[in-house]
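Heads up, the thing below is written out as C-alpha cells.
Here is the naming used below: chain letters follow the sequence lines, and residue numbers restart at 1 for every chain. All heavy atoms count here, side chains included; hydrogens, waters and symmetry mates do not.
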2 protein chains.
Amino acid sequence: MKIQLDCLPCFLSQILRASRMAMDNEETQAKILKAAIDIIKEYNSYRYAPEVGRAMHLLVKQHTGIADPYQRLKQKHLELALQYYPDLKRFLFQKSDRLYWVFKIAAVGNVFDAAINSDIRDSDYLRKELPKEFKICDIERFRDHLKNSRTMLIIGDNAGETVFDRVLVEEMLNLNIIYAVRSGPIINDATVEDAESAGLNRQARIISTGCDAPGVILSECDREFLKVFLEADIVISKGQGNYETLSDEKREIFFLLKAKCPVIAADLGVDLGDYVFIFRINN
Amino acid sequence: MKIQLDCLPCFLSQILRASRMAMDNEETQAKILKAAIDIIKEYNSYRYAPEVGRAMHLLVKQHTGIADPYQRLKQKHLELALQYYPDLKRFLFQKSDRLYWVFKIAAVGNVFDAAINSDIRDSDYLRKELPKEFKICDIERFRDHLKNSRTMLIIGDNAGETVFDRVLVEEMLNLNIIYAVRSGPIINDATVEDAESAGLNRQARIISTGCDAPGVILSECDREFLKVFLEADIVISKGQGNYETLSDEKREIFFLLKAKCPVIAADLGVDLGDYVFIFRINN
C-alpha cells in the first residue's frame, strides 16, 4: 500500500508523542521533530509507511540515547493482556462458533497499538470491544483453507497482542504454527522475547522475520522467514503495519486487524474502528 | 502565545484539507504539502501560529491559482447563520440573564471554523451548543466595565460567526461599536464584505485591521485600527487565532471563543470544546 498524503501529518504526531514518552525535554523533542520533518519531506523515497515509521523512531533512539523507549509500555501491555487471558478463554467457551470468535479475540488484541494511541487499554475497553462483530469477515474462506492445511504462519504485530494471539493458536491444534515477529524493538511491536513472555512458545514456533520495521518488508527479511512465508499453507497477517507492507504481495494472505487510521479504513472500505478479517490474493 | 510543537502536525493536516478543498489534483496537493513542510521546519522564525497559517494558505492560492478557495464555504456559512438568526433572537428573548446568553450566542458563532473543521455546522449542532454554559466566564468583570464605557471594539474571526456577533451588537445599544475584520480573504475568516452581508453595518462601524493573517498581528495593523484598539473602552477578541496573537498584549482584553484545539484548551486550562469568556490584562 502506497504512502498517502494523510500519513505525513500523522507521522509527525506519532513522533512527537514518541519523543515525549521517551524524554521530558522540549529541546530534544523539537530536535527530533525537525529531523522528522526532513524525513517526511522525502516520503517519496520510501515504499511503505512503516519504513518511514522506522526511520523516525530511530531518531527518537538517537536523540534520547534510549535504545527501547517502549520497553516499559510493552511490559505493562503484556501484564494487562495476561491478566485478561482467563476472561478471553471464558468468553470463547460461551460461543458456539468458536472459530469466528477466536479470530475476533485475536483482532481485539490489535488495540495495543502505541503508534496510534499510547494509553493503556483497560479491561473495560477490552470488554466492550470483544462482542463487536467483524465488518468484513472471510471466515468461510478460512474454513475452506483449513481443510487442506498443515502449516500456518502468523505475522505478529504488537507486544500485548501476542497474548490474544495465543488464544487463537491454542484453538488451532491440528496445525503447525509459526509465529513471526520483528527482529528488534520498534515502537511497541512484539519481539521474540515478548512473544515468549506471552507464552506463545508452548504451541507455536516463534521466529524473527529478520526485519525491524513496524511492518514486514519482504526484501529485508531473512531466508528462514521467507521460506516459511512462501511455503506456509495459510498466512495470517496481523495489524495495520503488516497490511501496509503486504497488501500488494502476490500470495494468499488473511489480514486480521482493527482499522485504526482513516487511510487504512478507506483502503479496506470500512469505517474507522471496524474489525476486519479479509482474504486477499493479488495477481 | 508561542507556537507549540503540537502545532506542526496540525499545520500539515490543515493545509492538506485546504488544498483538497481548493483542487481535486493529488499532484498539486503533494506540491503544496512539500512546500508547507519547508515552512513548518522554520517555525521558529514565526512569532505566532496564525503567521504560519497565512504562509501556508498562501501556498494553496499560489499552487492552485484560486485567489479565495474558501469563498463558497464562507457564503454557505453566512447563509446558514442568517437562516438561524431568528432562532438566536428567540433563544435570547427567553433568557432572564440576557447579557450572559448573548455572549454565549456570540461564542457559539465561533464554531464556523474551516481551519479546524470544514464541515458545515448544521442547525441541529448549533441547537445543541447554544444551551451549554461557559467553562470560564468573566461576565461580572464585563458588567463592571460596561458602567463606564462608551466604545467597544470587537475583533471578528470567521465569516459565518459575524451573524452571531450581530446579535451581540444589537444588545449593546448604549455603546459605539467598531467591528474589525481581516484586510483580505484568509481561510474562512470574515472580511468587510462578509460582515456587511451579515448586516453588522447597521449597528456597528466595520473596519479592516489592516492585517490579513488569521489572527490580528498588531505590528502589521494600520493606524486606524491601532488607534481604536488602544483607545476603545472595551476590546473583545473573538476566536483562537486572535487569542494566539493577542493573549500576551499589554491591554485589557476580553477573549471570547470555543476551545477547539488541545494546545489552546491547555493554555486556557479548559477541556477541548469548552466555551470561554475570559478577561486578561498583562503587565
Side-chain angles (χ1 to χ4, degrees), chain A residues 1-47 49 52-53 55-57 59-60 63-64 115-119 261-263 265-267 271-272, chain B residues 1-47 49 52-53 55-57 59-60 63-64 115-119 261-263 265-267 271-272:
Chain A
M1 194 183 148
K2 253 184 65 187
I3 297 169
Q4 305 291 310
L5 294 180
D6 303 79
C7 301
L8 308 190
C10 188
F11 285 140
L12 288 192
S13 299
Q14 277 187 39
I15 214 60
L16 179 58
R17 213 162 44 232
S19 64
R20 282 178 175 157
M21 191 188 293
M23 194 171 264
D24 186 21
N25 177 320
E26 204 182 319
E27 209 177 310
T28 308
Q29 290 157 7
K31 275 185 196 161
I32 294 170
L33 212 55
K34 281 209 167 193
I37 288 171
D38 288 333
I39 290 176
I40 64 162
K41 200 184 167 193
E42 302 306 324
Y43 76 95
N44 273 331
S45 62
Y46 296 86
R47 281 166 301 170
V52 182
M56 292 201 313
H57 284 278
L59 292 174
V60 178
H63 282 82
T64 63
I116 306 283
N117 191 327
S118 55
D119 296 339
C261 104
V263 169
D267 191 76
D271 293 324
L272 204 62
Chain B
M1 195 183 146
K2 252 184 64 187
I3 298 170
Q4 305 291 310
L5 294 180
D6 304 78
C7 302
L8 308 190
C10 188
F11 286 139
L12 288 192
S13 299
Q14 277 186 40
I15 214 60
L16 179 57
R17 214 164 42 234
S19 64
R20 282 178 174 156
M21 192 186 292
M23 194 172 264
D24 187 21
N25 177 320
E26 204 182 319
E27 209 176 310
T28 308
Q29 291 157 6
K31 276 186 196 159
I32 293 169
L33 211 56
K34 281 209 165 193
I37 289 170
D38 287 334
I39 290 176
I40 64 162
K41 200 185 167 192
E42 302 305 323
Y43 76 96
N44 274 330
S45 64
Y46 296 86
R47 282 166 301 170
V52 182
M56 291 202 311
H57 284 277
L59 291 174
V60 178
H63 282 82
T64 64
I116 306 282
N117 191 327
S118 55
D119 296 339
C261 103
V263 169
D267 191 76
D271 293 325
L272 204 64

Residue among B:L12, B:L5, B:L16, B:I15 with most heavy-atom pairs under 4.5 Å to chain A:
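Looking at each of B:L12, B:L5, B:L16, B:I15 in turn, B:L5 comes out on top.
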Return the option, out of B:I37, B:L8, B:L33, with the maximum number of heavy-atom pairs under 4.5 Å with chain A.
B:I37
Under a 4.5 Å heavy-atom cut-off, does chain A meet the side chain of B:I40, its backbone, both or neither?
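Both the backbone and the side chain of B:I40 come within 4.5 Å of chain A.
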Among all residues two or more places apart in sequence or in another chain, which pass the side chain to side chain contact (heavy atoms under 4.5 Å, CB included) test with A:A49?
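A:I3, A:F11, A:E244.
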Write out all chain A-chain B donor-acceptor pairs shorter than 3.5 Å, or none if the list is empty.
from: A:D6; atom 1: OD1; to: B:R20; atom 2: NH1; distance (Å): 3.4
from: A:D6; atom 1: OD1; to: B:R20; atom 2: NH2; distance (Å): 2.7
from: A:D6; atom 1: OD2; to: B:R20; atom 2: NH1; distance (Å): 2.8
from: A:R20; atom 1: NH1; to: B:D6; atom 2: OD1; distance (Å): 3.4
from: A:R20; atom 1: NH1; to: B:D6; atom 2: OD2; distance (Å): 2.8
from: A:R20; atom 1: NH2; to: B:D6; atom 2: OD1; distance (Å): 2.7
from: A:K34; atom 1: NZ; to: B:K41; atom 2: O; distance (Å): 3.3
from: A:D38; atom 1: OD1; to: B:K41; atom 2: NZ; distance (Å): 2.9
from: A:D38; atom 1: OD2; to: B:K41; atom 2: NZ; distance (Å): 3.3
from: A:K41; atom 1: O; to: B:K34; atom 2: NZ; distance (Å): 3.2
from: A:K41; atom 1: NZ; to: B:D38; atom 2: OD1; distance (Å): 2.9
from: A:K41; atom 1: NZ; to: B:D38; atom 2: OD2; distance (Å): 3.3

